[in-house]
Every structure is written in C-alpha cells, then in structure tokens.
K.L.:
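Okay, here's the structure, questions in a sec.
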Amino acid sequence: TQLLEQSPQFLSIQEGENLTVYCNSSSVFSSLQWYRQEPGEGPVLLVTVVTGGEVKKLKRLTFQFGDARKDSSLHITAAQPGDTGLYLCAGGVGRGSTLGRLYFGRGTQLTVWP
Amino acid sequence: NAGVMQNPRHLVRRRGQEARLRCSPMKGHSHVYWYRQLPEEGLKFMVYLQKENIIDESGMPKERFSAEFPKEGPSILRIQQVVRGDSAAYFCASSRTSGRGLQTQYFGPGTRLTVL
C-alpha cells in the first residue's frame with residue numbers, strides 16, 4: 001500500500017509569512033499532484049509534477065518533486081488569507097493493476113490570518 | 001469548458017434505501033474515478049472506469065456497492081441498502097488518459113450522502 005504522509009497536519013500563520021508543507025512516502029510515484037480543497041467542495045488541482053527533481057512555480061506557490069520521486073513540497077511565499085484551505089498531495093503509480101488510482105495524503109489545513 | 005459535474009450535491013437516505021450518485025466527466029475525458037472521503041480521513045480510491053468497462057474496483061466494498069459508466073450518459077455509483085457508515089462525501093474525478101505521468105485527475109464538487 002502506498003502511503004503519503006503530509007506534515008504539518010495543521011498550520012496557522014499571519015498574512016505575509018512564508019510556509020512549507022511536506023508530502024513524504026517510502027514509495028516511488030510516477031506523478032504527484034497537489035490539490036486545494038475548500039469546505040463543502042471538491043479538490044481543485046494546483047499542479048502536476050512528473051519528473052524527479054522538477055520544480056514548478058505558480059505565482060507565489062513553488063512545488064518540488066523529490067529526486068527519487070518519493071516526496072514533494074509546497075512552498076508559499078507571502079501567504080494571504082485567500083490561501084486558506086486544505087492542501088492535499090496525491091500520488092499516482094502509473095502502472096499495473098493500480099494504473100488509475102491516486103493515493104492521497106490526509107492533507108495540511110492551512111489558515112492564514114489577516 | 002464545463003468541469004466535472006456531480007448530482008445531487010446532497011442526498012439524504014434512510015437505512016435500507018438505495019443511493020444513486022451521478023457523475024458527468026469533463027468533455028473529452030473517457031476515464032472516471034470514484035473516491036470516498038470520510039470525516040477526518042483522506043480521500044480513498046473506490047473504482048476506476050472507462051466507457052462500458054470497470055478497470056479497477058479493488059477499492060470498492062464487495063457488497064452493496066456497484067459502479068457503471070455506460071456508453072451514453074453519466075457514470076453511476078450505486079449503493080444498495082445503505083447503512084449509517086456509508087455517510088460520507090463521494091467525489092468523482094475524470095482524466096483524459098491514464099498513461100504514465102499523465103494521470104492528472106480533475107474532481108467534481110462531490111455528493112454528500114447522509115444516512116439517517
């Protein structure tokens with residue numbers, strides 16, 4: 001079973017601060033996706049990374065996929081209240097009988113106070 | 001381009017009744033996935049379907065649960081004789097292809113099932 005551990009589970013910060021959340025596993029993934037979920041809504045895709053060592057930037061968000069494709073991080077610069085939400089990482093194995101499924105971490109609940 | 005659509009958004013059933021959840025994938029997507037999110041838990045994979053085929057149902061309970069994705073129309077997740085433990089948010093996702101490195105899945109808003 002592929003397990004994704006996310007840390008921290010909860011993060012409460014002031015507007016303007018920087019933060020990093022982590023997604024770690026002992027398993028190798030062919031792709032990793034980050035989503036943000038608001039209460040009562042479905043996960044909204046932020047980014048997909050597929051290459052070990054890959055770094056993607058989306059405005060104030062920077063995503064990194066570990067060299068060994070077992071871990072990932074999300075860094076937010078100058079956080080804003082609008083960044084508040086549940087951040088989920090999800091890994092895909094991409095082969096065999098589990099070709100289609102994503103394995104999700106439990107998420108990091110981020111609260112940014114004005 | 002409309003996103004993944006799910007209906008109903010909220011569904012209330014009494015124990016023993018049937019629940020039918022519908023999902024229309026994004027235009028051009030032929031792969032559909034169902035996930036369940038229990039309170040205080042992460043999303044758990046249930047089933048992966050392509051048109052008229054179940055590809056992987058290993059995450060779905062063996063009894064009372066079934067899924068289909070017909071040639072025409074939405075994908076249906078059916079839960080027979082619901083019990084209180086079935087209360088959860090059920091999410092559908094779709095993708096264009098499931099090849100290596102191209103498993104980007106786009107999620108719908110979910111159906112929140114409450115069993116009384």
Side-chain angles (χ1 to χ4, degrees), chain A residues 1-7 9-10 21 23-25 28-54 56 58 63 65 69 85-109, chain B residues 3-7 9-10 21 23 25-26 29-50 53-60 67 69 75 88-112 114:
Chain A
T1 302
Q2 279 78 0
L3 293 175
L4 281 166
E5 301 285 342
Q6 288 191 246
S7 62
Q9 187 176 355
F10 298 96
V21 297
C23 176
N24 296 299
S25 176
V28 175
F29 292 97
S30 64
S31 68
L32 197 135
Q33 283 140 79
W34 284 91
Y35 295 86
R36 188 172 81 188
Q37 186 177 21
E38 306 275 352
E41 298 296 329
V44 175
L45 179 72
L46 296 174
V47 77
T48 299
V49 286
V50 299
T51 305
E54 183 176 3
K56 280 193 175 179
L58 187 68
F63 304 86
F65 200 12
R69 290 187 284 125
L86 179 68
Y87 288 81
L88 298 164
C89 67
V93 174
R95 66 178 185 279
S97 61
T98 59
L99 178 65
R101 75 170 64 186
L102 289 178
Y103 296 87
F104 276 85
R106 290 198 175 191
T108 293
Q109 179 61 53
Chain B
V4 178
M5 301 181 72
Q6 290 188 250
N7 67 82
R9 292 291 306 272
H10 300 273
L21 288 62
C23 168
M26 287 177 68
H29 288 192
S30 59
H31 302 260
V32 166
Y33 315 82
W34 286 93
Y35 293 82
R36 178 165 64 177
Q37 188 174 39
L38 292 166
E40 308 303 323
E41 292 190 20
L43 281 88
K44 295 286 195 281
F45 168 84
M46 298 181 72
V47 62
Y48 163 34
L49 310 104
Q50 294 180 23
N53 284 305
I54 297 175
I55 307 302
D56 179 3
E57 59 182 345
S58 59
M60 202 151 65
F69 188 14
S75 174
Y90 291 83
F91 292 98
C92 169
S94 72
S95 71
R96 186 178 299 277
T97 178
S98 193
R100 180 184 182 279
L102 295 172
Q103 290 179 306
T104 299
Q105 296 181 17
Y106 297 86
F107 282 77
T111 294
R112 275 136 192 93
T114 301

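Every chain is numbered from 1 and lettered A, B, ... according to where its sequence line falls, protein lines coming before strand lines.
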K.L.:
B:F91 and A:Y35: aromatic ring centres closer than 6.0 Å?
P.N.:
no
K.L.:
Given heavy-atom pairs under 4.5 angstrom as the criterion, report whether the side chain, backbone, both or neither of A:E38 touches chain B.
P.N.:
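Contact with chain B: none, neither part.
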K.L.:
Between B:M46 and A:R101, is there a side-chain heavy-atom distance shorter than 4.5 Å?
P.N.:
no
K.L.:
Please indicate whether B:E57 has more than 12 foreign heavy atoms, meaning atoms of other residues, nucleotides or ligands, lying under 6.0 Å from its CD.
P.N.:
no
K.L.:
Tell me which of these, B:Q6, B:E41, B:Q37, has more heavy-atom pairs under 4.5 Å with chain A than the rest.
P.N.:
B:Q37
K.L.:
I need the residue from B:L43, B:V47, B:V4 with the largest number of non-hydrogen atom pairs under 4.5 Å to chain A.
P.N.:
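Highest number of heavy-atom pairs under 4.5 Å: B:L43.
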K.L.:
Considering non-hydrogen atoms only, spot the tightest contact between A:L102 and B:F45 and give its length.
P.N.:
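Closest pair (atom of A:L102, atom of B:F45, distance): O-CB, 4.2 Å.
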K.L.:
Find the distance between CG (A:L88) and CZ (B:F107) and round it off to the nearest 0.5 Å.
P.N.:
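Answer rounded to 0.5 Å: 8.5 Å.
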K.L.:
Please report the shortest heavy-atom distance between A:E41 and B:R112, naming the atom on each side.
P.N.:
N-NH2, 3.4 Å
